[in-house]
Protein chains: 2
Amino acid sequence: MTKEATKSARKSAPEPANRRTGARASAAGSSPSPKSASNRAERAAERRGAIIEAAMDEFIARGFAATRLDDIAKRAGVAKGTIYLHFKDKESMFEELIRTAIVPLVTRLWATPPQPGASVRDMVEGFAKTFIEEVANTPRGDLVRLIVAEGPRFPEVADFYYREVVSRGLAGMRALIELGIARGEIRQKNLAQFPQIVVAPALIAVIWQSLFSKHAPLDALEMFRVHLDLIFGERRTT
Amino acid sequence: MTKEATKSARKSAPEPANRRTGARASAAGSSPSPKSASNRAERAAERRGAIIEAAMDEFIARGFAATRLDDIAKRAGVAKGTIYLHFKDKESMFEELIRTAIVPLVTRLWATPPQPGASVRDMVEGFAKTFIEEVANTPRGDLVRLIVAEGPRFPEVADFYYREVVSRGLAGMRALIELGIARGEIRQKNLAQFPQIVVAPALIAVIWQSLFSKHAPLDALEMFRVHLDLIFGERRTT
DNA sequence: TGACAATGACTGACCAGTCAGTCATAAATG
DNA sequence: CATTTATGACTGACTGGTCAGTCATTGTCA
């Protein structure tokens with residue numbers, strides 16, 4: 001080791017890159033005071049947010065074990081001790097992180113406009129479109145990969161993910177499939193037993209983007225459409 | 001940390017379980033015995049094998065960063081220094097490990113009896129059956145998860161995996177799909193563009209087994225059959 | 001000013017990688 | 001063969017660096 005330590009630059013992960021253009025800095029500024037966050041509680045919340053965001057980036061880039069709290073602190077623009085004012089320890093920080101990140105993600109996904117007149121296919125496709133645009137093709141997708149990666153070592157996280165995302169998501173999808181069957185849009189009745197099948201290409205897309213996209217880019221949305229053609233029958237106009 | 005260290009028992013991962021029945025212990029006895037490894041080179045190879053196996057278990061259970069070489073050594077019944085007689089360092093050990101584990105895995109998978117008279121569906125189903133029985137429902141499946149987990153941090157591994165498994169596997173699947181289309185077994189012509197779709201449920205199965213099977217067991221093979229029904233049309237007799 | 005927030009130097013556990021020494025085996029010798 | 005010498009696989013205590021978590025000190029708000 002010794003000098004290896006220096007070789008691959010001990011910098012934080014890849015880089016903030018797209019410093020979330022102060023969006024949050026002002027986000028806290030819902031208060032009338034124009035002079036940024038002068039209020040104590042506000043500043044604290046702001047810091048906490050910065051820590052969470054920084055930690056997210058680092059954990060995604062390096063995984064749980066290889067992430068250093070010093071790096072998180074540096075990236076968040078905060079001293080290491082500050083982290084411990086907000087989180088008990090590294091482990092619970094990780095768990096809480098995932099939890100707080102998933103909720104808005106799922107909310108966002110289920111916020112699809114109901115569109116009463118739409119066909120089931122359109123609903124599923126709209127859902128997929130949102131997922132691919134908002135998750136698979138963005139850093140959020142890595143969150144999913146992170147859960148797959150660390151899940152077995154963090155049963156709490158895996159359980160939470162199963163309860164809040166997987167089981168609900170599959171239940172919702174199953175309902176949609178049953179609706180599709182009832183309406184005659186879907187032939188294959190057994191499909192309702194395995195909603196996973198409908199969702200599978202979405203997961204593939206997430207994994208593909210973070211592992212192989214540099215070797216062979218994947219048009220995830222088009223792939224999903226072909227998949228839907230299998231389920232609902234062709235409809236391509238192209 | 002402090003006492004945390006003790007809490008979750010610093011034991012190795014889950015357990016060696018099948019102590020390689022003292023093969024070596026007896027070797028120390030009278031050497032003339034032709035059986036077991038009495039020869040120097042043989043013993044070395046045996047040790048190397050034990051290290052690889054132990055390392056595999058540990059890496060799968062804990063991920064790269066959290067795995068301790070002391071644990072690998074202990075599990076392999078070898079001193080830590082011995083590891084360095086066989087591998088340059090932890091990182092290259094990990095890479096070599098994956099490489100040596102994948103080759104036989106892939107070989108095994110492609111060793112499906114060609115069965116000249118079989119339909120394309122039967123071929124794909126046979127392949128899936130092998131995969132699910134030999135990979136998804138066994139510890140080998142965790143190897144796949146390990147690659148997904150560590151891939152981004154080990155570009156070498158990801159590249160290797162793409163070259164040796166993904167691109168070949170998809171090419172083979174594409175050929176099969178085209179055959180299916182030519183034979184009229186498959187309607188959906190666009191499917192050949194995305195062989196990933198055919199394979200997707202297999203990957204889902206692997207991930208499901210290691211993350212969620214305790215919450216809700218998944219009959220992977222049945223799921224795959226339903227998926228094939230989508231592609232080839234129903235055929236269920238059950 | 002008093003109370004609380006933030007800091008970052010510090011501690012101690014931990015662990016990858018090393019290396020001087022051991023000893024079973026193989027080769028050389030009588 | 002029996003005995004001595006050479007080999008190198010194997011060992012595990014040790015080193016140097018790293019990093020999670022602490023806490024005395026310093027800064028800031030109300």
Taken to the nearest whole Å, CD/A:Glu58 to P/D:dC19 is 12 Å
Comparing A:Lys80 with B:Ile83, nearest DNA chain D nucleotide closer to 5' gives the residue B:Ile83
A:Asp89 CG to C:dA13 P, in whole Å, measures 18 Å
Between NZ of B:Lys74 and P of C:dC15 the distance, given in whole Å, is 11 Å
Mind checking A:Lys90 for me? I need base, sugar-phosphate or nothing, with any heavy atom below 4.0 Å counting as a touch.
sugar-phosphate
- request: Give a yes or no on whether a salt bridge exists between A:Glu96 and A:Arg48, defined as a side-chain N under 4.0 angstrom from a carboxylate O.
  value: yes
Closest to the side chain of B:His86, out of C:dT7, C:dC15, D:dC10, is D:dC10
Contacts satisfying salt bridge (charged side-chain N to carboxylate O under 4.0 Å, His left out) that involve residues 195-206 of chain B (not counting sequence neighbours) are none
Looking only at D:dG21, C:dT7, D:dA9, the nucleotide nearest the A:Leu85 side chain is C:dT7
When rounded to whole Å, the OH to P distance for the pair B:Tyr84 and D:dG12 reads 16 Å
To the nearest angstrom, the CG-C1' distance between A:Asp71 and D:dT18 comes to 12 Å
Separation of C:dC15 atom P from B:Phe64 atom CZ, nearest Å, is 14 Å
In short, side chain to side chain donor-acceptor pair (under 3.5 Å) pairs touching residues 195-213 of chain B with sequence neighbours left out are B:Asn137-B:Gln209
Is A:Leu69 touching bases, backbone alone, or none of the nucleic acid, heavy atoms closer than 4.0 Å? sugar-phosphate
Run A:Arg168 and A:Glu164 through salt bridge (Lys or Arg N to Asp or Glu O under 4.0 Å) and show every step you take.
CA-CA 6 Å; A:Arg168 291 179 189 207; A:Glu164 302 299 318; 3.6 Å; yes
message = Donor-acceptor pair, distance only, cut-off 3.5 Å: does the side chain of A:Lys74 make one with the backbone of A:Leu69?
response = no
| query | Aromatic ring centroids of A:Phe94 and A:Phe87 under 6.0 Å? | reply | no
Ranking D:dA20, D:dT11, C:dA6 by distance to the side chain of A:Arg47, first place goes to C:dA6
Parallel, tilted or perpendicular: rings of B:Phe64 and B:Phe154 (30°, 60°) = perpendicular
In whole angstroms, the gap separating P of C:dA5 from CD1 of A:Ile51 amounts to 13 Å
Taking five pairs at each terminus, the helix from C:dT1-D:dA30 to C:dG30-D:dC1 shows an axis bend, to 10°, of 10°
Taking C:dA5, C:dC15, D:dG21 as options, the one with an atom nearest any side-chain atom of B:Asp70 is C:dC15
